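Notes follow the structure.
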Amino acid sequence: MKTAMYILIMAVVTYLIRALPFTLCRNKVKSPFLQYFFAYIPYAVLAAMTLPHMLFEGKNPLCAAFALVAAILLALCKRSLITVASGACVAAFVAGLFL
Amino acid sequence: MNKNSLFKQGLSDGVPIGLGYLSVSIGIGIAAVGGGLNIITAVLMSMTNLTSAGQAAGISLIAAGGAFLEMALVQLVINLRYALMGISLTQRLDPSFTTGKRLFLGAFITDEIFAVASSRESVNVHYMYGLAIVPYIGWAAGTLIGASAGTVLPASVTAALGMAIYGMFVAIFIPAMKKSREVTLAVILAALLSTLFRVVPFFSFISYGFSVIISSIIAAALTAWLTVRRKAA
């Protein structure tokens with residue numbers, strides 16, 4: 001029951017963020033500070049989630065470190081989302097066999 | 001173009017997005033089961049949320065037993081980018097987008113759907129319908145596969161597959177860092193701050209969700225302030 005409540009909150013908040021500006025706003029954001037802030041926030045959020053999660057959440061931080069390095073190298077080589085994501089998985093799995 | 005060919009065009013543009021979502025949402029399904037959700041709630045979450053970063057954070061927060069208000073704030077901050085994408089996309093909508101259709105199709109704004117739709121001169125509702133279908137099905141189906149597999153696959157395999165979603169995040173911010181020094185600064189600041197919050201015992205009162213919010217807001221605001229100052233100089 002509590003899980004359903006969590007999911008409901010997630011769904012309602014996420015829907016409102018998406019649909020309300022899409023439906024209501026017809027003007028562009030004027031403040032340069034806010035324009036930059038909105039431009040940077042997605043990447044900042046992803047980075048804030050990725051590094052600590054990879055290093056501290058899993059059972060073996062070394063495997064995660066390998067996954068992170070593989071993902072960064074593949075991303076630097078301009079590989080697609082799928083290739084980078086699979087590369088991270090393969091690196092973590094292979095590292096897990098040896099560590 | 002008539003509405004049929006617009007729909008078909010959208011449908012085919014959505015296929016690569018859907019395939020990407022299928023593979024990434026397998027990781028989400030596995031993470032959801034690992035975080036204590038069952039198959040039904042895992043799939044329900046994907047069908048009602050359609051967001052990788054938001055769901056990954058939501059699953060961690062459910063597993064940690066976070067407060068409802070914290071959950072709402074985490075989703076607000078993590079998904080704030082959709083508000084900006086929505087505003088940006090309104091500039092390209094043709095008159096076929098009535099208020100009701102905006103309210104419905106707004107639910108399908110994701111990073112990738114936004115990126116593909118924005119690459120068109122003007123966006124018609126029938127194109128948008130087509131574009132949203134395959135990614136939506138891929139996201140739900142992948143979650144179902146991952147949540148089912150998560151209960152039978154060995155831990156070494158699920159742990160490795162759980163890296164998929166974070167690999168995808170890396171694939172999103174690395175190319176942006178190559179293009180912009182400011183994004184590079186924001187990414188490094190956010191990663192360091194959130195790691196700091198986890199490592200330094202003094203900050204242990206800050207939960208996972210709030211550490212993501214605080215570090216990303218500080219990093220983005222500081223970088224935005226520096227950018228404004230530099231451009232003014």
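Since the model is a prediction, treat every value here as computed from it, not as a measurement. We name chains A, B, ... by the order of the sequence lines, and we start the count at 1 in each one.
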Pairs of heavy atoms under 4.5 Å with chain A: top-ranked of B/Ala219, B/Gly66, B/Ala186:
B/Gly66
Best-contacting candidate, B/Lys101, B/Met47, B/Lys231, against chain A by heavy atom pairs under 4.5 angstrom:
B/Lys231
Okay, A/Ala4 and chain B: the region with an atom under 4.5 Å from a heavy atom over there is neither
For A/Arg79, is the CZ atom crowded, meaning more than 12 foreign heavy atoms sit under 6.0 Å from it?
no
All heavy atoms of B/Thr51 vs all of A/Thr14, minimum pair found to be CG2-CG2, 4.1 Å
What one should report as the nearest heavy-atom pair of A/Ala44 and B/Ala190 is O-CB, 3.3 Å
Got a second to check how far B/Phe169's CZ is from A/Met49's CE, nearest 0.5 Å?
4.5 Å
Which pair of non-hydrogen atoms, one from B/Tyr166 and one from A/Met54, has the smallest distance, and what is that distance?
CB-CE, 3.8 Å
If you count heavy-atom pairs within less than 4.5 Å of chain A, which of B/Leu196, B/Asn79, B/Leu93 leads?
B/Asn79
Best-contacting candidate, B/Gly86, B/Gly54, B/Gly36, B/Ala160, against chain A by heavy atom pairs under 4.5 angstrom
B/Ala160
Region of A/Tyr15 in contact with chain B, defined by heavy-atom distances below 4.5 Å:
side chain
With a 4.5 Å cut-off on heavy-atom pairs, point out which of A/Ala75, A/Ala67, A/Ala39 contacts chain B the most.
A/Ala75
Comparing A/Gly96, A/Ala85, A/Ala95, A/Ala92 against chain B, the one with the most heavy-atom pairs below 4.5 Å turns out to be A/Ala85
Interatomic distance, CD1@B/Ile188 vs CG@A/Leu51, rounded to 0.5 Å, equals 11.0 Å
Just so I understand: if I count every heavy-atom pair under 4.5 Å between each of A/Thr50, A/Val84, A/Leu68 and chain B, which residue has the most?
A/Thr50
Need one label for A/Ile41: side chain, backbone, both or neither, based on atoms under 4.5 Å from any heavy atom in chain B.
both
Tell me, side chain or backbone of A/Val13 under 4.5 Å from chain B's heavy atoms, or both, or neither?
side chain
Under the ring pair (Phe, Tyr, Trp, His ring centres under 6.0 Å) rule, collect the residues that match up with B/Phe114, sequence neighbours excluded.
none
In this structure, CD1 of A/Ile9 is separated from CG of B/Asn49 (nearest 0.5 Å) by 11.5 Å
Of the backbone (N, CA, C, O) and the side chain (C-beta and beyond), which part of B/Leu193 lies under 4.5 Å from a heavy atom of chain A, both, or neither?
neither
Contacts under 3.5 angstrom, residues 175-182 of chain B side chains, donor-acceptor by atom type, not counting sequence neighbours:
residue  : atom : partner  : partner atom : Å
B/Lys178 : NZ   : A/Leu76  : O            : 2.9
B/Ser180 : OG   : B/Glu182 : N            : 3.2
B/Ser180 : OG   : B/Glu182 : OE1          : 3.4
B/Ser180 : OG   : B/Val183 : N            : 3.0
B/Glu182 : OE2  : B/Arg230 : NH2          : 2.3

Of the listed residues (B/Thr110, B/Leu44, B/Leu222, B/Leu50), which shares the most heavy-atom pairs with chain A below a 4.5 Å separation?
B/Leu50
As an exercise: rank B/Leu22, B/Leu189, B/Thr41 by heavy-atom pairs under 4.5 Å with chain A and give me the winner.
B/Thr41
Which heavy atom of A/Tyr6 sits nearest to which heavy atom of B/Leu61, and what is that distance?
OH-O, 4.5 Å
Which answer fits B/Ile218, side chain, backbone, both or neither, if we ask what part of it has an atom under 4.5 Å from a heavy atom of chain A?
neither
Can you give me the closest heavy-atom contact between A/Ala64 and B/Met163, atom names plus distance?
CB-CE, 3.5 Å
Between CG on residue A/Leu20 and CG on residue B/Leu103, distance to nearest 0.5 Å:
7.5 Å
Among the options A/Phe37, A/Phe93, A/Tyr40, pick out the one with the most heavy-atom pairs lying under 4.5 Å from chain B.
A/Tyr40
Spell out, as yes or no, whether a donor-acceptor pair under 3.5 Å connects the side chain of A/Arg18 to the backbone of B/Tyr82.
no
CD1/B/Ile62 to CD1/A/Ile7 distance, rounded to the nearest 0.5 angstrom?
5.5 Å
Looking at every heavy atom in both A/Pro32 and B/Val228, which two are closest together, and how far apart are they?
C-CG2, 4.1 Å
Using non-hydrogen atoms only, which part of B/Gln55 is less than 4.5 Å away from chain A: side chain, backbone, both, or neither?
both
Atom CD1 in B/Ile172, atom OH in A/Tyr43: separation rounded to 0.5 Å?
8.0 Å
Please walk me through it: do B/Phe97 and A/Phe22 pass side chain to side chain contact (heavy atoms under 4.5 Å, CB included)?
CA-CA 10 Å; B/Phe97 273 88; A/Phe22 189 62; 4.1 Å; yes
